[in-house]
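A short worksheet on the structure shown next.
Letters A, B, ... are given to chains in the order of the sequence lines, protein chains preceding strands, and every chain is numbered from 1.
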Amino acid sequence: MTMLQFYPIDVTYKVLAGRAVVHIYGRTVENKQICIIDDAFEPYFYVIPENGASASDLMTLLENYKNGEEGKENKVTSVKQVVKTLNGRDEDAIQVFVNLPRAVPGMRHEISKMEGVKSVLEYDIFFTRRYLVDRKIVPLILTDVETEPIENPKRSRVPCFKAKSITQNSNDSLDELNILAFDIETYNPEGRLSLPEKHPIIMLSLYGKNFKKVITWKRFNADLDYIEFVDGEAELIERFKEIVNEISPDLLVGYYSDGFDLPYIIKRGEKYKIKIDIGLDYDKAVLPRGNAKSIDTTGIVHVDILNFIKRVISRRLKTDSMKLNAVAGELLGEVKDDVDIEGLAEAWDTLSPELKNYAKYNLQDSKLTYDLCEKVLPNLIELVKLIGQTIKDTNRMSYSQLVEWYIIRRADEFNQFIPNRPHHKELEKRMSERVKGAFVYEPKPGLYEGVVVFDFRSLYPTIIVSHNISIETLNCDCCKEKEKVPLDTKQLWFCSKKEGFFSTVLKEIITRRMRVKEIMKKSDEKKRVFLDARQESLKTLSNSFYGYLGFFAARWYSKDCARSVTAYGRHYIHRVIDGAKKKGFDVLYSDTDSVFMHLNDKTEKDALNFCDEINAKLPGMMELEYEGTYPRALFVAVKESGVGAKKKYALIDQKGQLVIKGFETVRRNVSPIAKATQEKVLRIVLQDNNPKKAFEFVRDVVTRLKEKRVGTEDLTIPTRLTRSIDSYESIGPHVAAAKRLKERGVEIYPGMIVRYVVTSNGQKIRDKVRLPEEVRKGEYDSDYYINNQVLPAVEKILEVFNYSSDDISKGKKQSKLGQYF
DNA sequence: GATTGGCGGGG
DNA sequence: GTGTACGCCAATC
């Protein structure tokens, strides 16, 4: 028997000789890939006996239970009596061990209908995930194993060891993973998406540390040292497999490769009877079945990095497009090569010298994918270590799943059963339940000087912790006479004696984050990247706890807990608003956790003192924070009502930076001239405090539009087609533009962005539409751009200063505006 | 205005 | 594989 240390990377299980055997792939401390095999873990679930039913009778019955055909039998192997808590109530239960994971779904329905059975619990916890939780193993953390080597292991590309014991006793983790990125180019003469039934893969690129390669199967003149020519598509696929297994990276990374690249390679492989058996266990990668979306390769983990970016990273990105170009542009400051991808098929057919540029383009896509993966990997790794599930799974988890799997891992420590997921009827009920949300104080439209902003630090998480909000502390018997949740509709309270499971777990996450932030201050640059990713993961996780409580599919769902959180939120924000008014500040605006106060004749110091007074009375972890002082703030009206618009305001800070919220400056289907005018007007108003100048600027834009001095590029409106043009009932401008494109022989497909200019040819908008390349400079409908683009973008801003749209277009002013002229 | 349906990413 | 996305926008009633 020898001791071995390794870092787990991937976990799977195989059925060997009628037993489920867990296989953990990873790297040793010497950086060798290995597989640890553990055959001592058994699948199980729980049965709760009916009240009053005899648990021992039921145990005897279950002990000998079996079903299924011979050879495919589902059998109970043993039973054990346990007591655990389910949503605050202690339950006597029977833990039922079975022969195979598939026996659990195979028998749980029948068992749940047996006499004396109240319910069945934990029947849908995936075997390998359960293994990690029960064995307290966290992927990527240094693991000690007592092993015996296995001679001549079957179906393994790496040495295998049988585990006698497996434990983690260290915080040391594997933070540098070997990445190989890949990308394919396909042949598609019809000029839209390729069909794997018809169109071959013509290029495939791979990019790793000190490795770059483009494989293609037509020879052309290309003076590129990374090109490798092979004889055909089948050879291309074989070569791809060879390289992946030669390099044997930890991660095989693509961009939308769950949805495009890997399924495409698999389907083209089928045509030549080539299996994509690149995993360390030789299992062939298969297309997702049913509703599945992921493609798994064992040991060499397939990571579609788009998943992670979309789910976790996108929150902090400005772009709303998840295209590789947009994401790489923002995260890396680097973009895709600029080639006309529509011309690839023709270049391929004619063996054009352009193919060299397509090869470069192909490699560049893999490089961007590699760099993106490297960039977000610290975040993914920290999340893996926090949640305790594999890279493969964590990469594809939504926030609610991340919270849920974190809680599941902690449940056993607190002796908690994992509640069942809601079924159809319950889901329907939950979906119809609405929780009253946050309080919004509507602003009075206007330009204000001297504005201080305060907000509650992590409002909802700190409420949950400070008020001990948790399913099992809700309306306890012991605290009936204590403080109630500030709600008119219902009497709710939370235990003040016993700490709740949900709130305790959340509290630990918050304190851990504070500790990490402290350590960060004393760390060097390299460490700080990981620590920053860690505190970021802890933050996103803690911010998701409230949402999880009210998420309809959550195991730990509680509408009463969720509504208590928002009720306390409204309560505390009102406390700030009322207190500020009493002190003589004008409250301008408030939304959920923030308050905008007008200083009036008071100073910033007065405001800070006020903040201190509020903080002195807040419970537990709750804290009101000073966000900043702004020399000017602008609030605009919504429609005709004169009421201030919510979530739409603009500020200028003391350094002259604009903070613009809710204005349409970034919306897609607006012309550049309208966007730019809006931004400029906000800057003039906030920076120069000169509405007249803003007004005149707009009037000048209007004049330039009238005099046809605006260039076509500033007038081009981009809009996305959402379906095929024939299926549109009404011909909107973008549909008319699409039709013109089609007439010119351009393939039209749903999802494409059409760009058009509105001219004065005809009556209806659809007749006025032209493609940018069809119009000469000055050929456009001034009235349309003035009345439908520019004016709506600035109207609400200028209205604050009593300018109306008529004033601008006519160049006149109303008499009451004398003060500005 | 509320509800429903389909899309995103990829060549 | 002890299962299987989800949040948003646009179209439509």
Side-chain angles (χ1 to χ4, degrees), chain A residues 12-15 20 42-46 74 96 98 100-109 120-131 183-196 198-203 254-264 283 286 288-294 296 304-307 309-311 314-315 320-327 336 339-345 348 358 361-362 365 369 393 396-401 418 420-421 547 551-553 667-669 719-723 727-730 732 734-735 747 749-751:
Chain A
T12 187
Y13 80 93
K14 306 196 178 294
V15 175
E42 286 190 290
Y44 66 86
F45 61 101
Y46 295 100
N74 302 316
V96 180
V98 297
L100 283 172
R102 65 144 198 265
V104 178
M107 61 175 67
R108 65 117 168 159
H109 291 287
V120 176
L121 286 173
E122 305 196 16
Y123 50 78
D124 58 354
I125 312 295
F126 325 133
F127 188 62
T128 54
R129 292 193 188 180
R130 163 81 84 189
Y131 175 87
D183 178 57
I184 62 169
E185 304 302 325
T186 56
Y187 177 78
N188 52 343
E190 281 121 72
R192 55 182 165 81
L193 282 175
S194 309
L195 304 167
K198 279 206 275 190
H199 304 131
I201 299 165
I202 55 181
M203 287 180 189
Y255 197 84
Y256 197 49
S257 47
D258 268 343
F260 183 73
D261 299 71
L262 216 42
Y264 212 101
D283 272 9
V286 289
R289 278 173 294 200
N291 292 318
K293 288 284 179 288
S294 76
D296 302 334
D304 179 352
I305 201 64
L306 167 65
N307 274 312
I309 290 171
K310 196 161 62 177
R311 291 184 152 89
S314 68
R315 285 196 181 183
D320 49 22
S321 161
M322 285 292 108
K323 285 181 191 307
L324 178 57
N325 206 37
V327 173
K336 284 162 73 102
V339 301
D340 173 25
I341 194 68
E342 312 243 339
L344 174 58
W348 183 256
Y358 287 109
Y361 166 89
N362 184 208
D365 276 8
T369 304
D393 286 345
R396 294 173 175 88
M397 279 184 193
S398 63
Y399 272 102
S400 57
Q401 286 175 295
I418 302 166
N420 287 339
R421 300 166 58 163
F551 172 54
F552 60 84
R667 255 180 45 196
R668 189 160 38 205
N669 53 351
T719 309
R720 181 182 298 277
L721 285 181
T722 50
R723 35 190 194 159
S727 56
Y728 280 97
E729 294 262 326
S730 54
H734 61 304
V735 185
E747 183 82 15
Y749 55 91

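Ring geometry for A:Y44 against A:Y46 counts as perpendicular: the plane angle is over 60°, on a 0 to 90° scale with 30° as the lower cut.
A:L324 comes within contact range of the sugar-phosphate backbone alone, with a heavy-atom separation under 4.0 Å but no base atom that close. Using a 4.0 Å heavy-atom distance criterion, A:Y13 is classed as a sugar-phosphate-only contact. Residue A:Q401 is out of contact with every strand shown, counting any heavy-atom pair closer than 4.0 Å. Backbone-only engagement by A:K336 is indicated by non-hydrogen atom pairs under 4.0 Å involving sugar-phosphate atoms exclusively. Residue-level contact check: A:D183 touches the backbone only, with heavy atoms under 4.0 Å from sugar-phosphate atoms and none from bases.
Between A:Y399 and the phosphate of C:dC6, there is no side-chain N or O to OP1/OP2 separation shorter than 4.0 Å. Within the structure, a side-chain polar atom (N or O) of A:S398 is placed less than 4.0 Å from OP1 or OP2 of C:dC6. For B:dC7, neither phosphate oxygen OP1 nor OP2 lies less than 4.0 angstrom from any side-chain nitrogen or oxygen of A:K310.
Which of B:dG10, B:dG11, C:dT2 sits closest to the side chain of A:Y256 comes down to B:dG10. Relative to the side chain of A:E185, the nucleotides B:dG11, B:dG10, C:dC6 differ in distance, and B:dG11 lies closest. Side-chain proximity of A:I341 to C:dT2, C:dA5, B:dG11: nearest is B:dG11.
Closest heavy-atom contact between A:I309 and A:M322: CG2-SD, 4.1 Å.
Partners of A:Y123 by side-chain hydrogen bond (donor to acceptor under 3.5 Å, both in side chains), not counting sequence neighbours, listed by chain and number: A:H423. When the salt bridge (Lys or Arg N to Asp or Glu O under 4.0 Å) test is applied to A:D393, the partners found at least two apart in sequence or on another chain are A:R129.
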